[in-house]
*Asks:* 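Structure below; questions to follow.
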Amino acid sequence: MEKKSQQSKRQSTNGITLVDIWSVQCGECFKWRLIPTEEEFEEIRSKFTKDPFVCSKKPGVSCDDPADIERDDTRTWVIHKPGIPKTPSGFKRRLVMRKDFSKMDCYYDAANGKRLRASTDVLKFLDKFPKFKNDVSLADFSFTGPKIM
DNA sequence: GCCACCGGTGGC
DNA sequence: GCCACCGGTGGC
C-alpha cells in the first residue's frame, strides 16, 4: 500500500489524548516532515493522491536534510486516508481515540452545536437546517478515522 | 474481515 | 435529560 499522510498522538499527563504532531511522508525519500498546523495538514491530505508530498514543498527543505521525526514507540502513530476533504469552515472535525486505542471516532461539530457522527447525520442535518446547503454538501464530509498503527 | 453506522447507557 | 463513549452488526 502506498505511503500516506500521517499524524501522531500521545497521551498527556491528565489522561486526555492530544494530537501534538502532524507529519507527512515524502514520496521520494520517505522521510517524515512535520507540518505545523492542522489546516496545512488537511490541505496536503486532501490532495495527497493527485499531488504527493515531497520534502521540497517545505520552504528551505530538501530530501538531503535529515528527517524531522522518526517513527518510534514514544507516541502513538495513526495513519490517515488520503483524499479526505478539507473541513468546511464553520465545522470542527474531531477525532476521538477510544480508551483501548482500538480505533478513532470521527465527528463534525456544526456551528449551531449539532454533532454529526455519520454521513446519514449530514443529510438529516441539511434537511433540518437548509440554510447550510449554501455552504456545504455531503461531499465535504468524510467520517473515516485514521488507523492506529 | 473490515468499517460505517447507530443504539444503548452510565455518569454527570 | 443530555451526551460522550462504546459495542454490536449489517453490508460490503
Side-chain angles (χ1 to χ4, degrees), chain A residues 1-55 57-58 67-149:
Chain A
M1 186 177 292
E2 68 176 314
K3 300 297 181 181
K4 296 187 174 132
S5 54
Q6 177 151 343
Q7 159 201 24
S8 71
K9 311 189 96 235
R10 77 167 175 220
Q11 197 86 347
S12 75
T13 50
N14 64 4
I16 306 290
T17 306
L18 300 173
V19 177
D20 66 341
I21 298 283
W22 303 90
S23 65
V24 296
Q25 191 172 34
C26 173
E28 290 175 0
C29 72
F30 307 117
K31 292 185 181 112
W32 290 98
R33 297 293 171 201
L34 296 181
I35 305 302
T37 67
E38 181 172 5
E39 287 71 22
E40 287 174 72
F41 179 81
E42 282 204 348
E43 173 73 19
I44 294 165
R45 184 180 62 193
S46 69
K47 303 176 176 166
F48 197 79
T49 305
K50 277 178 290 188
D51 183 18
F53 177 84
V54 290
C55 292
K57 295 200 173 197
K58 264 190 100 167
D68 293 349
I69 190 171
E70 307 273 1
R71 276 197 58 194
D72 61 29
D73 57 8
T74 63
R75 61 185 75 241
T76 302
W77 288 70
V78 303
I79 190 157
H80 291 237
K81 199 176 101 176
I84 293 172
K86 287 189 77 177
T87 302
S89 75
F91 290 81
K92 171 68 183 167
R93 191 172 193 266
R94 203 154 47 85
L95 296 171
V96 180
M97 181 68 80
R98 298 253 174 144
K99 283 197 177 65
D100 63 359
F101 283 67
S102 61
K103 62 176 172 178
M104 298 190 83
D105 293 306
C106 177
Y107 307 98
Y108 287 84
D109 296 324
N112 63 2
K114 297 297 173 188
R115 186 192 55 160
L116 312 177
R117 356 176 251 176
S119 53
T120 48
D121 281 353
V122 177
L123 295 174
K124 285 184 238 171
F125 173 80
L126 292 177
D127 208 42
K128 201 166 179 182
F129 306 101
K131 63 171 178 167
F132 284 97
K133 289 182 182 171
N134 300 325
D135 309 319
V136 296
S137 70
L138 185 58
D140 294 316
F141 299 85
S142 166
F143 292 85
T144 304
K147 277 206 175 70
I148 318 300
M149 305 207 60

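Keep in mind the model is a prediction, meaning the values are calculated, not measured. Residue numbering restarts at 1 for every chain, and letters A, B, ... go by the order of the sequence lines.
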*Asks:* Using heavy atoms to find the nearest nucleotide of DNA chain C for A:D100 and A:R115 separately, return the residue whose nucleotide is more 5′.
*Replies:* A:R115
*Asks:* For A:F48 and A:H80, I'd like to know if the aromatic rings sit close, meaning centre-to-centre distance below 6.0 Å.
*Replies:* no
*Asks:* How would you list, by chain and number, every residue that makes a side chain to side chain contact (heavy atoms under 4.5 Å, CB included) with A:K58, sequence neighbours excluded?
*Replies:* A:R33, A:L34, A:F53, A:V61, A:D68
*Asks:* Which atoms of nucleotides 10-12 of chain C (N or O only) lie under 3.5 Å from a protein N or O atom, and what are those distances?
*Replies:*
none

*Asks:* Taking only residues two or more places apart in sequence or in another chain, which ones pass side-chain hydrogen bond (donor to acceptor under 3.5 Å, both in side chains) with A:K124?
*Replies:* none
*Asks:* Per the side-chain hydrogen bond (donor to acceptor under 3.5 Å, both in side chains) rule, what does the pair list look like for residues 132-149 of chain A, sequence neighbours excluded?
*Replies:* none
*Asks:* Would you say the side chain of A:P146 lies within less than 4.5 Å of the side chain of A:L95, judging by non-hydrogen atoms?
*Replies:* yes
*Asks:* Under 3.5 Å, which protein N or O atoms sit close to an N or O of nucleotides 4-6 of chain B? Give each pair with its distance.
*Replies:*
from  : atom 1 : to     : atom 2 : distance (Å)
B:dA4 : OP1    : A:T144 : OG1    : 3.4
B:dC5 : OP1    : A:S119 : OG     : 2.4
B:dC5 : OP2    : A:S119 : N      : 3.4
B:dC5 : OP2    : A:S119 : OG     : 3.4
B:dC6 : OP1    : A:T120 : OG1    : 3.3
B:dC6 : OP2    : A:T120 : OG1    : 2.1

*Asks:* Taking side-chain hydrogen bond (donor to acceptor under 3.5 Å, both in side chains) as the cut-off, I'd like each qualifying pair that reaches into residues 101-115 of chain A, sequence neighbours left out, listed once.
*Replies:* A:R93-A:Y108, A:R94-A:D109, A:R98-A:D105, A:D100-A:S102
*Asks:* Would you classify A:K114 as touching base, sugar-phosphate or nothing, given that sugar-phosphate means primed atoms plus P, OP1 and OP2, and contacts are heavy atoms under 4.0 Å?
*Replies:* nothing
*Asks:* Specify whether A:F132 and A:F129 have parallel, tilted or perpendicular ring planes, treating 30° as the upper limit for parallel and 60° as the lower limit for perpendicular.
*Replies:* perpendicular
*Asks:* Kindly compute the distance separating OG (A:S23) from CD (A:E70), expressed to the nearest 0.5 Å.
*Replies:* 11.0 Å
*Asks:* Which residues pass the side chain to side chain contact (heavy atoms under 4.5 Å, CB included) test with A:T37, sequence neighbours left out?
*Replies:* A:E39, A:E40
*Asks:* To the nearest 10°, give me the bend of the helix from B:dG1-C:dC12 to B:dC12-C:dG1, comparing the axes of its five terminal pairs at either end.
*Replies:* 10°
*Asks:* Considering residues at least two apart in sequence or located in another chain, which fulfil the side chain to side chain contact (heavy atoms under 4.5 Å, CB included) criterion with A:E38?
*Replies:* A:W22, A:E42, A:K92
